[in-house]
Amino acid sequence: MTDIMHDDRSAFAWAMSDVLTIARRNILALVRIPSSLVFAILQPIMFVLLFRYVFAGAIPVGANFGSYVNYLIPGILVQTTIFGAVGTAIGLAEDLQRGLIERFRALPMARMAVLAGRTVSDLARNILILLVITGIGFLVGFSPGGSFVAYLQASLLMLSFAYCLSWGFAYIGLAAPNSETAQAMTFPLIFPLTFASSIFVPLQSMPSWLQVFARNQPVSQTAEAVRGLMLGVPHGNATYISLAWALGALCLLGPLSTRVYKKVA
Amino acid sequence: MSTFAVEAHDIVRSFKDGEVQALKGVSLMVPRGEVFGLLGPNGSGKTTMVRILSTILAPNGGYATVDGFDVVKQPDAVRRRIGLAGQYATVDENLTGFENLRMIGSLNHLKKSYVISRANELLAQFGLSDAANRTTKGYSGGMRRRLDLAAALVAHPPILFLDEPTTGLDPQSRQDLWGIIENLVEGGTTVLLTTQYLEEADRLAKQLVVLNKGSIIAQGTSAELKAQLGTTVLALTFASTDDAARGLELVRELSDKPANVEGSLIELTLDNGPRAAADALRRLDGGGITVTGLNLREPSLDDVFLNLTGHKAEDEVPADVRPSRKAGK
């Protein structure tokens, strides 16, 4: 019986297979309940419209950006991918709540696959949202001056950054008692990171004490890099700093979340 | 190879930094190829025991083996030999019945082609073929339980843990599930079953352990436990608590087990129900006490507890069952 039942693969190959199985399951859920995806897309659209048409006139930006819409869209894209990463916290908390994780823990699957599968499916979701918001950006007048390759690099950079953050949100999802609380718990974290940043407004407009935080925090660095690449304007070492933050977060938060997953009851 | 499918020695587990003692040194020896019943009220530690044996939770003390493998040191070997299904019927609501089984099959590292045929086979066996391609959100409680059990069986585990598999099910679904479990055992599977229902344990389990507040208070075959218990419970209702108290004096000696008194209700455990009932009525009538209600029934788990501990099974629930995480029941 063993012969027809079991497949002989290495532990690593099976771990990858487990990650894909979990990711596929999450993506199926996304397809089956499209409303969650619709709202995940609607929210950044609202932000685009709000800043593009309501606040734009009140926010002066440097001449090298051309217009505020060029300044804004790369920022909104970064914000959108970060908000997308919050889905990891919500999804994991939901699985815990429903007792599904309990079943997974009694299976001979790779321990990290539940977390990795979730971050992978959230990445896929983020790519889709990013494409839609990019389209919306062009519709409202975004005209980047950088090369196409630089544009792709910028997209890759923010997706990687958001992916690494996902592992941190996984930790929150595992620690929260339910999905509503998980979502609320991410708020005090992403609110200052996305708003006290160069996503919407130039740093020079902020009080000097806030500038110190805003200039050096990872989201601003990512926004600077993405904007610089897309528009073809100088952005110093922002790309490398952003990548360093992302890798650092992954190396620290990945093992941390996996450890919590093994323990959480 | 051990003659026992599951062995547990002095398992201790507490929650909330030792505040709640869920298991206080529980030992079990589950023979192969039969149903072993773990009986107890809510909060007695049944679920905690199952979670420890299925490697979900580590014990604070003691050790356990499943199919000869240590649950703490060799969890993956244990996981390859067990199936787990329970009262929470943890199926994925957003997947169809078939997709649920396929997912569990691939996470069990089975061949793709095998998983597909096995999933279809199980769906047919459990009467779910028609619902195979519907998401389980629309399944009834009984259908979910059957799918949950099917998921536990995808990889043909020799040992099955069933945590209150029929709690909350209607009588027909319960009968169906019992039939399925009996078939599995005929096919050689070992089943560790937890239940609150004496009837269920009686029907399925050869051997029983009764848990109360994290300790074993009785064990043996179901016949042995029943013999200890008597066969019938006589419930008498009176017009007032005064009448009940005076009535108790008259009928107490009909049973050698402690009587249960609640307000104007008296319950006696008897070996020969009908004759003892007639006897009780004669005595009460002779004493001039009116009986307003009379009922003869099979002993319940409560009666077992009353008999074993002298008090009713308390329904206090320590943080034993996946506490704050569960939405609803």
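Heavy-atom basis, side chains included; hydrogens, waters and symmetry copies ignored. In what follows, chains are A, B, ... by sequence order, proteins preceding strands, each numbered from 1.
Inter-residue side-chain proximity for B/Ile159 and B/Leu192 is flagged as unmet; no heavy-atom pair is nearer than 4.5 Å.
Of the atoms belonging to B/Ala58, not a single heavy atom falls under 4.5 Å from chain A. Heavy atoms of B/Ala77 lying under 4.5 Å from chain A are absent altogether. Both the backbone and the side chain of A/Arg25 come within contact range of chain B, judged by heavy atoms closer than 4.5 Å. Of the two parts of B/Ile82, only the side chain, counted from C-beta on, holds a non-hydrogen atom closer than 4.5 Å to a non-hydrogen atom of chain A. Contact of B/Thr135 with chain A is made through the side chain alone, with heavy-atom distances under 4.5 Å. For A/Arg9, no part lies near chain B; criterion is any non-hydrogen pair under 4.5 Å. Proximity to chain B (any heavy atom under 4.5 Å) is shown, for A/Leu30, by neither the backbone nor the side chain.
Considering only heavy-atom pairs separated by less than 4.5 Å from chain A, the leading option among B/Ser106, B/Ser117, B/Pro75, B/Ala85 is B/Ser106. Counting heavy-atom pairs under 4.5 Å between each of A/Ala113, A/Ala106, A/Ala29 and chain B puts A/Ala106 at the top. Of the listed residues (B/Asn94, B/Ile104, B/Val115, B/Asn100), the one with the most heavy-atom contacts under 4.5 Å to chain A is B/Asn94. Of all the listed residues (B/Arg118, B/Glu99, B/Lys112), the one sharing the greatest number of non-hydrogen pairs under 4.5 Å with chain A is B/Glu99.
Residues meeting the side-chain hydrogen bond (donor to acceptor under 3.5 Å, both in side chains) test with A/Tyr163, sequence neighbours left out: A/Thr119, A/Trp167.
Between the side chain of B/Lys24 and the main chain of B/Lys213, a donor-acceptor pair closer than 3.5 Å is present. Side chain of B/Arg145 to main chain of B/Pro165: a donor-acceptor pair is present (N/O by atom type, distance under 3.5 Å, no hydrogens or angles). When atom types are taken as modelled, the side chain of B/Arg51 and the backbone of B/Leu57 share no donor-acceptor pair closer than 3.5 angstrom. Distance alone, capped at 3.5 Å, is enough to place a donor-acceptor pair between the A/Asp18 side chain and the A/Ala110 backbone. Side-chain atoms of A/Arg103 come within 3.5 Å of backbone atoms of B/Thr90 as a donor-acceptor pair (strictly under, hydrogens ignored).
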Side-chain donor/acceptor pairs under 3.5 Å, residues 34-52 of chain A, sequence neighbours excluded:
{"from": "A/Ser36", "atom 1": "OG", "to": "A/Ile33", "atom 2": "O", "distance (Å)": "3.4"}
{"from": "A/Arg52", "atom 1": "NE", "to": "A/Val140", "atom 2": "O", "distance (Å)": "2.9"}

